[in-house]
Amino acid sequence: EPPRPDVSQAPPGEENKEYLFRVALKWRPSTWRAIAVTGDQTLAELHLGIQDAFDWDNDHLYMFSLSNRLGDTSSAYYDPRGEGWDAYADQAAIGALGLRKNKPFCYLFDFGDMLEHEVRLVDVRDANPEASYPRVVETHGNAPPQYPDWDDDAEDDEEE
């Protein structure tokens, strides 16, 4: 397997570029968020934007698969809180990854519940110097609760 390219630093000028992503729930594609990050930010910062956009708790590990195949470790970038992986999301600058518009890749949050999202680069444009990034630009559909069974369990306990 060839060595991975160094993607830890974005090329000069990428801090002035805004990368706009559409992130959709794989099990409910009509629910999606548009999230913007700058080219010098990392996949870890995109992860935080996704967490914010869907109101997840950031209490589980995650990974990105740029080939859009979860089993393909050669294109995967993992949560830096985990150990023993080849590449980490906080060392992958968005502007250095060679992402192409509309080519899907996968974001997986929570390796137990497998909350899988399809991510697509929608646009690259000049960043807004007044804005803070990552930022949620658009929402479509209500995000499901991260732990839908917890509410059901609480009701069951009350009935006993």
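Values in this document were obtained by computation on a predicted structure and should not be read as measured data. The analysis underlying the following values was restricted to heavy atoms, covering all of them including side chains, and did not include hydrogens, waters or symmetry mates.
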Asker: State plainly whether one hydrophobic cluster holds both Leu66 and Ile35, where clusters connect Ile, Leu, Val, Met, Phe, Trp and Tyr through side-chain heavy atoms under 4.5 angstrom apart.
Answerer: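 Yes: a chain of side-chain contacts under 4.5 Å links Leu66 to Ile35.
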Asker: Taking atom CG of Asn142 as the centre, does the number of heavy atoms from other residues, nucleotides or ligands within less than 6.0 Å exceed 12?
Answerer: no
Asker: As an exercise, state the distance from CD of Glu14 to CD of Gln9, rounded to the nearest 0.5 Å.
Answerer: 12.0 Å
Asker: Show the numbers, then the answer: is there a side chain to side chain contact (heavy atoms under 4.5 Å, CB included) between Phe64 and Leu46?
Answerer: CA-CA 10 Å; Phe64 289 90; Leu46 176 58; 3.9 Å; yes
Asker: Looking at Trp56, Tyr62, Tyr77, which one forms a side chain to side chain contact (heavy atoms under 4.5 Å, CB included) with His47?
Answerer: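 Exactly one candidate clears the test, Tyr62.
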Asker: Between Ala93 and Ala10, which heavy-atom pair has the shortest distance, and what is it?
Answerer: CB-N, 3.6 Å
Asker: Mind checking whether Pro134 and Gln41 have side chains closer than 4.5 Å, heavy atoms only?
Answerer: yes
Asker: Please test Asn102 against Leu121 for side chain to side chain contact (heavy atoms under 4.5 Å, CB included), starting from the C-alpha separation and ending with a verdict.
Answerer: CA-CA 5 Å; Asn102 295 314; Leu121 177 62; over 6 Å; no
Asker: Keeping the roles fixed (side chain from Asp57, backbone from Asp59), state whether a donor-acceptor pair exists under 3.5 Å.
Answerer: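 Not confirmed, Asp57 side chain does not pair with Asp59 backbone.
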Asker: Between Gly95 and Pro11, what is the shortest heavy-atom contact and its length?
Answerer: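 So the two residues come closest at O-CD, 3.5 Å.
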Asker: Could you tell me if Arg120 sits above the aromatic ring of Phe21, with its cationic atom closer than 6.0 Å to the ring centre and no more than 45 degrees from the axis?
Answerer: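 No, cation not above the ring by the 6.0 Å, 45° rule.
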Asker: Apply side chain to side chain contact (heavy atoms under 4.5 Å, CB included) to residues Asp52 and Val136 and explain how you reach the verdict.
Answerer: CA-CA 8 Å; Asp52 181 47; Val136 180; 3.8 Å; yes
Asker: If you measure from CG on Leu97 to CG on Leu43, what distance do you get to the nearest 0.5 Å?
Answerer: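 The CG atom of Leu97 sits 5.0 Å away from the CG atom of Leu43.
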Asker: Once rounded to the nearest 0.5 Å, what's the spacing between atom CE of Met63 and atom OG1 of Thr73?
Answerer: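 Here the interatomic distance stands at 8.5 Å.
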Asker: Which of these, Lys26, Glu116, His60, sits in a side chain to side chain contact (heavy atoms under 4.5 Å, CB included) with Leu108?
Answerer: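 In the set Lys26, Glu116, His60, the residue that makes a side chain to side chain contact (heavy atoms under 4.5 Å, CB included) with Leu108 is Glu116.
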Asker: Decide yes or no for Pro144 and Arg28: does some side-chain heavy atom of the first lie under 4.5 Å from some side-chain heavy atom of the second?
Answerer: yes
Asker: Using the rule that two of Ile, Leu, Val, Met, Phe, Trp, Tyr join whenever any of their side-chain heavy atoms come within less than 4.5 Å, decide whether Ile50 and Ile94 are in one cluster.
Answerer: yes
Asker: Provide the closest heavy-atom pair for Asn58 versus Arg81 in the form atom of the first, atom of the second, distance.
Answerer: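 Distance-wise, the nearest heavy atoms are O-NH1, 3.1 Å.
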Asker: Do the side chain of Gln91 and the main chain of Tyr88 share a donor and acceptor less than 3.5 angstrom apart?
Answerer: no
Asker: Can you tell me how far the CZ atom of Phe105 sits from the CG atom of Asn68, to the nearest 0.5 Å?
Answerer: 9.0 Å
Asker: Looking at Glu45 and Thr42, would you say the former's side chain and the latter's main chain have a donor-acceptor pair under 3.5 Å?
Answerer: yes
Asker: Ignoring hydrogens and geometry, is there a side-chain-to-backbone donor-acceptor pair from Glu138 to Arg33 under 3.5 Å?
Answerer: no
Asker: Is any side-chain heavy atom of Leu70 less than 4.5 Å from a side-chain heavy atom of Cys106?
Answerer: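 Yes - at least one pair of side-chain heavy atoms lies under 4.5 Å apart.
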Asker: For the CH2 atom of Trp27 and the CG atom of Leu115, what is their distance to the nearest 0.5 Å?
Answerer: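 Interatomic distance, Trp27 CH2 to Leu115 CG, rounded to 0.5 Å: 4.5 Å.
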Asker: Are Leu48 and Tyr19 in one and the same hydrophobic cluster, where Ile, Leu, Val, Met, Phe, Trp and Tyr link if side-chain heavy atoms are under 4.5 Å apart?
Answerer: no
Asker: Using the rule that Ile, Leu, Val, Met, Phe, Trp and Tyr join whenever any side-chain heavy atoms are under 4.5 Å apart, tell me whether Val124 and Val7 fall into a single cluster.
Answerer: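 Yes, same cluster.
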Asker: Mind checking what makes side chain to side chain contact (heavy atoms under 4.5 Å, CB included) contact with Glu15, not counting sequence neighbours?
Answerer: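 In terms of side chain to side chain contact (heavy atoms under 4.5 Å, CB included), with neighbours along the sequence ignored, Glu15 is linked to Asp40.
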Asker: Does Asp123 have any side chain to side chain contact (heavy atoms under 4.5 Å, CB included) partners at least two apart in sequence or in another chain, and if so, which?
Answerer: Leu20, Lys101, Arg125
Asker: Hey, does Leu61 have a side-chain heavy atom less than 4.5 Å from the side chain of Trp85?
Answerer: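 In contact.
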Asker: Which atom pair, heavy atoms only, marks the closest approach of Ser75 to Ser65?
Answerer: OG-OG, 3.6 Å
Asker: Look at the side-chain heavy atoms of Ile, Leu, Val, Met, Phe, Trp and Tyr, link any pair under 4.5 Å apart, and say whether Leu25 and Met114 land in one connected group.
Answerer: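 Each belongs to a different hydrophobic cluster.
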Asker: Can you check whether Ser30's main-chain N or O pairs, donor with acceptor, with His140's side chain at less than 3.5 Å?
Answerer: yes
Asker: Please examine the side chains of Gln51 and Phe109, heavy atoms only from C-beta on, and report whether any two atoms are closer than 4.5 Å.
Answerer: yes
Asker: Could you go through the side chain to side chain contact (heavy atoms under 4.5 Å, CB included) check for Glu18 and Arg135 one step at a time?
Answerer: CA-CA 10 Å; Glu18 176 183 280; Arg135 64 188 180 107; 2.8 Å; yes
